[in-house]
Amino acid sequence: MNPHLHIVSFNVPLPANYGGVIDVYYRMKALAAAGVQIHLHCFAYGRAEAPELERHCVEVRYYRRDMSPLRMLDRRPFIVASRDCKELKARLMQDRHPILLEGLHCCALLEEEALCKGRTIMVRAHNVEGEYYRRLATSERRWGKRLYLKMDARKIARYEPTLARATAVLAVSEGERRAFEAMGCRNVHTMSSCHPYDEVASRSGQGTYALYHGALDVAENERAAEWLIDNIVGGTDVPMVIAGANPPERLRTKAAAHANVRLIANPSDAEMQRLIGDAQVCLLVTDQPTGLKLKLLNSLFAGRHCLVNPEMVAGTQLGDLCTVADGAEALRNALRTLMQTPFSDSLLASRRERLHPLTPAEAVKPVLDLLK
């Protein structure tokens, strides 16, 4: 008999066009393919309902996220308080199926003893959120947003030990698994992020440009793209493509000032995958050594050479599949070399072998084991 599973998602997971929802959507899809009967519950804000989700689910329900400023006064983080929904709780009380909560964002449900008692409740921890928000605050230029991030980072750090009430916590890396255990969480597993690829789709040969991709309206990614222009490719003849959602005007202006830099705003999923596949080098840097970056997995499964800084692969065990360089000069030198180095069949074969455990079908095994 196929098991039933409630999945509570912090947002509507289609279109799957940024890190968090990519992970949610392709995990849900892999679980459905494994025979799990999915009951999907989505908090809808800034996104329309997605009928395509019904292809993979027994039912799909949508709930309003309460974005009232009054929620800022709650003792809990805004990302949690704004998703505290009586309608959702009532619906989940109608049966005793296991629940998978996607992110700390959805963990107000862990406060309901009647809902949780004697029930399997898993939390997919997308980050150690307190640390993640603290670092986001340091990257944010807008003072209002920076103040909000600092305040919520403190609230999140106080609230995060609530995860200890879950049956299991599913962390994205070994480093974060240890961090959750230090908070008192029990039964913490490492579970890789999910993505569109059932197998490595990289092609051998040689492309013509370097690529940075990410959600460009996220301050961390905007700053990374600007840093690459200013310190790595600006003033060189290396063709550079920067692609992602909602690039701010400041980044558009900076890119336009360089003849070798092309900015592609809001590419479709298909166009983004084509850009990754055609690139010679996926050039990825971050100042946040947290979590497992979906852009890195996407690049390894679909692209050629991956050139990264140490923070991009921290705690991931993927560093040996990339060229890792620390600092602007080392990155520039490595980029020049890789632009002239074809991606060989032997590198492709090695990547296929190493990445098989990180395909979605393999990644969801911790959830399937808990459902047993």
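Computed over heavy atoms, backbone and side chain alike; hydrogens, waters and symmetry mates excluded. Every value quoted in this text rests on a predicted model; they were computed, and no experiment measured them.
- Ile79 and Val169 fall within the same hydrophobic cluster, where Ile, Leu, Val, Met, Phe, Trp and Tyr residues are linked whenever their side-chain heavy atoms come under 4.5 Å apart, directly or through other members.
- Val281 is connected to Leu300 through a chain of hydrophobic side-chain contacts under 4.5 Å among Ile, Leu, Val, Met, Phe, Trp and Tyr, so both are in one cluster.
- Across all non-hydrogen atoms, the minimal contact from Leu297 to Ser193 is CD1-O, 3.6 Å.
- For the pair Phe78 and Ser68, the tightest heavy-atom approach, listed with the atom from each and the gap, is CE1-O, 3.8 Å.
- Residues Leu370 and Asn187 approach most closely at CD2-ND2, 3.8 Å, considering heavy atoms.
- Exactly one residue among Leu170, Ile7, Leu100 makes a side-chain contact (heavy atoms from CB on, under 4.5 Å) with Arg27. That residue is Leu100.
- Within the 4.5 Å cutoff, the side chain of Arg76 has heavy atoms near those of the Arg71 side chain.
- Geometric assessment of Arg65 against the ring of Tyr45 yields a positive cation-pi assignment under the 6.0 Å and 45° thresholds.
- In this structure, Glu271 places its CD atom where more than 12 heavy-atom neighbours from other residues, nucleotides or ligands lie under 6.0 Å away.
- For the pair Met240/Ile232, no side-chain contact is recorded, criterion being any heavy-atom separation below 4.5 Å from C-beta on.
- A side-chain N or O of Thr190 and one of Glu174 form a donor-acceptor pair less than 3.5 Å apart.
- Looking at heavy atoms from C-beta onward, Pro366 lies out of side-chain contact with Asp369 at the 4.5 angstrom threshold.
- Scanning both residues, Leu335 and Ala210, for their nearest heavy atoms gives CD1-CB, 4.0 Å.
- A side-chain donor-acceptor contact under 3.5 Å links Arg351 and Ser202.
- Ion pairing of Arg134 with Glu131 is present here, as a side-chain N (NZ or NE/NH1/NH2) and a carboxylate O approach within less than 4.0 Å.
- Classification of the His126-His105 ring pair by plane angle, with boundaries at 30° and 60°, yields perpendicular.
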* **side-chain hydrogen bond (donor to acceptor under 3.5 Å, both in side chains) between Asp345 and Ser204, worked out** => CA-CA 6 Å; Asp345 290 339; Ser204 57; 3.0 Å; yes

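- Phe43 and Leu115 fall within the same hydrophobic cluster, defined by Ile, Leu, Val, Met, Phe, Trp and Tyr side-chain heavy atoms under 4.5 Å apart, directly or through other members.
- At most 12 heavy atoms of other shown residues, nucleotides or ligands fall within 6.0 angstrom of atom CD in Glu199.
- Side chains of Thr162 and Glu111: a donor-acceptor N/O pair is absent below 3.5 angstrom, by distance only.
- Test Leu318, Leu321, Thr286 against Leu296 for side-chain contact (heavy atoms from CB on, under 4.5 Å) and you get one pass: Leu318.
- Side-chain atoms of Ser299 and His213, non-hydrogen and from C-beta on, do get closer than 4.5 Å to each other.
- Asp23 places none of its side-chain heavy atoms less than 4.5 Å from the side chain of His195.
- A pairwise comparison of heavy atoms in Ala325 and Pro310 identifies O-CD, 3.6 Å as the closest pair.
- Partner Asp95 forms a side-chain hydrogen bond (donor to acceptor under 3.5 Å, both in side chains) with one of Arg119, His39, His4 and no other, that one being Arg119.
- By the 30° and 60° cut-offs, the orientation of the rings of His97 relative to His6 is tilted.
- Using cut-offs of 30° and 60° for the angle between ring planes, the Tyr148 and Tyr133 rings count as perpendicular.
- The closest side-chain heavy-atom distance from Asn309 to Trp227 is not below 4.5 Å.
- Checked options Lys365, Arg124, Arg177; the residue passing with Met191 is Arg124 (criterion: side-chain contact (heavy atoms from CB on, under 4.5 Å)).
- Clustering ILVMFWY residues whenever any of their side-chain heavy atoms sit less than 4.5 angstrom apart, transitively, puts Leu284 in the very cluster that holds Val238.
- With contacts defined as side-chain heavy-atom distances shorter than 4.5 Å, the pair Val123/Cys107 qualifies.
- The two atoms that bring Asp320 and Arg354 nearest to each other are OD2-NH1, 2.6 Å, heavy atoms only.
- Within a 6.0 Å radius of CZ in Arg146, more than 12 heavy atoms belonging to other residues, nucleotides or ligands are found.
- Classified by interplanar angle (parallel below 30°, tilted 30° to 60°, perpendicular above 60°), the ring pair Phe301/Tyr197 is parallel.
- Residues Arg91 and Arg61 form a side-chain contact, since some pair of their non-hydrogen atoms from C-beta on lies under 4.5 Å apart.
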* Intermediate values then yes/no, ring-ring contact (aromatic ring centres under 6.0 Å, His included), Phe343 and His305 -> CA-CA 7 Å; Phe343 190 68; His305 297 291; 5.4 Å; yes

